[in-house]
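Working notes, structure below.
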2 protein chains.
Amino acid sequence: MRLMTRWLTEDELDAWLRLAGVMLKLGPALDSQLQRDSDMTHFDYLCLAMLSESGDRTRTMSDLAGKTNASLSRLSHVITKLEKRGYVSRCPSPASRRVTMVRLTDDGWGVLVKAAPGHVETVRSLVFDGLSADDVAALEKIAGHIVERIEASRLDSTC
Amino acid sequence: MRLMTRWLTEDELDAWLRLAGVMLKLGPALDSQLQRDSDMTHFDYLCLAMLSESGDRTRTMSDLAGKTNASLSRLSHVITKLEKRGYVSRCPSPASRRVTMVRLTDDGWGVLVKAAPGHVETVRSLVFDGLSADDVAALEKIAGHIVERIEASRLDSTC
DNA sequence: TCGATAAACTTGAAGCATCAAGTGTTGTTG
DNA sequence: CAACAACACTTGATGCTTCAAGTTTATCGA
């Protein structure tokens, strides 16, 4: 708790309200397209995509949670759903009995391949069309900065 | 539907994954702080804040939905909740009988004033600390660009 | 002016996310 | 080596968001 609040400057406030707008609108916009065309959430898509990028299409829950920026709890619920649909399967890890591994099935791969073009087109048209290379670099830098700070703050409070 | 997908470049993909990280982590981080310290959601806070910025602490539902980047349906549910807590009140509009006006009550104002310092401090520490003025300008430009494109795309599909 | 269309919400149900609590497994330390 | 803490999840309940459908009021065209 601080005694004096460091308020935002006018420029910061403008930037903040727009960023809040992105948070409030972009997620739903992506969900809406994927739901309509492929009956899945953006987060579902991310899970399948992150699995597909692993050599053997397999990851541990914790690893996948990290790659998708999700809590283990959220991931567990979603993996249960995707497993019911046959897109992924859980299997025990050879390394340790307390880790669960998730594998992208052939069906899951098929669904991902079908969903990808429409999703990428949506991301392109909502985010990247009209952005310069400098803008893209700035976006990566700033977004990376924010994610880092969030992760650092979670470490603080855990100790 | 396009025949050839314009995939993302490597730089775009990096930027996109980080932006997705922001979407997935920043909202929950803000919710978590506000929930813990003030028993409210970030979206609740935004509603109260946007009402407080109006001269008479009053806005129509549609106007407030626009300011908070929300659907009318979402807003209606949340306003019902905030009304039950006594932070806002609904009243008819003198101009037209189909518009509902929402007013920030004194209690709501009090809650907002109490919540603001902690929230602003969180936003500052997660987003703005460590960003240069150029970064802030870039953030505003890019986030504004994305929000504009989402709004434009919604108009497309509505016609 | 009358009827159709659109605007401005509201509501209920269904699906998602989060939180708290619980289970089983693996290091770790006295 | 036995207790204890930490890790890697899983589960159930609660609250939030979205979607589809419904209501009431205003506008617009013939």
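Throughout, a chain's letter reflects where its sequence line sits, starting with A, and its residues are numbered from 1. Predicted model only: the values in this text are computed from it and were never measured.
- Taking A/H119 as the reference, A/H42, A/Y45 meet the ring-ring contact (aromatic ring centres under 6.0 Å, His included) condition, with sequence neighbours excluded.
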(request) Summarise protein proximity over nucleotides 16-24 of chain D in one line of letters, 5' to 3': B for base, S for sugar-phosphate only, - for none, counting protein heavy atoms closer than 4.0 Å. (result) SSBB-----

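- Pairs of residues two or more places apart, or lying in two chains, never qualify as salt bridge (Lys or Arg N to Asp or Glu O under 4.0 Å) while including a residue from residues 28-37 of chain A.
- Across the protein-nucleic acid pair, A/L72 atom CG and D/dT10 atom P stand 7 Å apart, rounded to whole Å.
- Nucleic acid contact for A/T80: none, since no nucleic acid atom lies under 4.0 Å from a heavy atom of the residue.
- Residue pairs meeting the salt bridge (Lys or Arg N to Asp or Glu O under 4.0 Å) criterion with at least one member in residues 92-109 of chain A, sequence neighbours excluded, are A/R57-A/D106.
- Proximity of A/R85 to A/V111: side-chain heavy atoms (C-beta onward) are nowhere separated by under 4.5 Å.
- For A/S54, the side chain to side chain contact (heavy atoms under 4.5 Å, CB included) partners two or more places apart in sequence, or in a different chain, are A/D56, A/R59.
- Residue A/T100 has no polar side-chain atom (N or O) positioned under 4.0 Å from OP1 or OP2 of D/dA8.
- In this structure B/V147 satisfies the side chain to side chain contact (heavy atoms under 4.5 Å, CB included) test together with A/V22, A/K25, B/E151, sequence neighbours excluded.
- Qualifying side chain to side chain contact (heavy atoms under 4.5 Å, CB included) partners for A/R18, counting only residues two or more places apart in sequence or in other chains: B/E140, B/A143.
- Applying the ring-ring contact (aromatic ring centres under 6.0 Å, His included) rule to B/F128 yields no partners; only residues at least two apart in sequence or on another chain are considered.
- Under a hydrophobic-cluster definition in which Ile, Leu, Val, Met, Phe, Trp and Tyr are linked whenever side-chain heavy atoms come within less than 4.5 Å, directly or via other members, B/L72 and B/I79 are assigned to the same cluster.
- Residues from residues 48-63 of chain A lying near DNA chain C, meaning a heavy-atom separation below 4.0 Å, are absent.
- You can see that DNA chain C meets the heavy atoms of chain A within a 4.0 Å-exclusive cut from C/dC16 to C/dT26, reading 5' to 3'.
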Provide a list of protein-nucleic acid N or O atom pairs under 3.5 angstrom, restricted to nucleotides 1-3 of chain D.
none

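- Note on B/R90: only backbone sugar-phosphate atoms sit closer than 4.0 angstrom, heavy atoms only; bases stay farther off.
- Every residue two or more places apart in sequence or in another chain was checked for a side chain to side chain contact (heavy atoms under 4.5 Å, CB included) with B/E148, and none qualifies.
- Here the shortest heavy-atom pairing between B/S153 and A/L126 reads OG-CD2, 3.8 Å.
- Cluster annotation: B/L64 is not connected to B/V99 through the hydrophobic network of ILVMFWY side chains, with a link wherever side-chain heavy atoms come within less than 4.5 Å.
- Between the side chain of B/T60 and the backbone N or O of B/D63 there is at least one donor-acceptor pair closer than 3.5 Å.
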